[in-house]
Amino acid sequence: DIPSLRNLLKYHLDSGTDNLCILGTTGEASVLSMDERAQVITTAVDMVKGKMPILCGTGTINPKHVKEMTEQAIDLGCDASLVVTPYYVKP
């Protein structure tokens, strides 16, 4: 729901939020495809880049996917990533 995401990002800009953490460990981030993640990241970068740092969640169980998601976040303009330790299983 990109229009709602834009509204939420505008709210944070207008409120003076210090930084943004997108695609974290709550919500639906863990089930989004790479294309859907790119839409969320691109929307955030287009709206807030340079106005507040953007932290992007890239942690998951599979270390290969962590690397892919982290590289995507960097390539699309995020400032940092949030990588949680693998949960439920040991790699």
Hey, could you give me the CZ/OG distance between R37 and S30, rounded to the nearest 0.5 Å? 9.5 Å
Residues N19, L55; criterion side-chain contact (heavy atoms from CB on, under 4.5 Å); working and verdict: CA-CA 8 Å; N19 56 61; L55 176 71; 5.9 Å; no
Tell me whether V40 is reachable from V48 by hopping between hydrophobic residues (I, L, V, M, F, W, Y) whose side-chain heavy atoms are closer than 4.5 Å. yes
Calculate, to the nearest 0.5 Å, the distance between atoms CD and CG belonging to E28 and L23 respectively. 9.0 Å
In L20, L13, T17, the residue satisfying side chain to side chain contact (heavy atoms under 4.5 Å, CB included) with K51 is L13
Heavy-atom pair with the smallest gap, counting every atom of M34 and E68: CE-O, 3.8 Å
At their closest point, which heavy atom of T58 faces which heavy atom of S81, and how far apart are they? OG1-CB, 3.5 Å
Between C78 and C56 the two heavy atoms that sit nearest each other are SG-CB, 3.6 Å
Measuring from atom CD1 of I54 to atom NZ of K49, what distance do you get when rounded to the nearest 0.5 angstrom? 6.0 Å
Separation between CD1 of I2 and OG1 of T43, rounded to the nearest 0.5 Å: 4.0 Å
Of the non-hydrogen atoms in V45 and L76, which two are nearest, and what is the gap between them? CG2-O, 3.4 Å
Identify the two heavy atoms, one from H65 and one from T60, that lie closest to each other, and give their separation to 0.1 Å. CB-CG2, 3.7 Å
Is L32 reachable from I41 through a run of hydrophobic residues whose side-chain heavy atoms are each under 4.5 Å from the next? yes
What's the shortest heavy-atom distance between A44 and I22, and which atoms? CB-CD1, 4.0 Å
Pairwise distance CD(Q72) to CD1(I74) - rounded to 0.5 angstrom: 11.0 Å
To the nearest 0.5 angstrom, please state how far the CE atom of M69 sits from the CG atom of N62. 8.5 Å
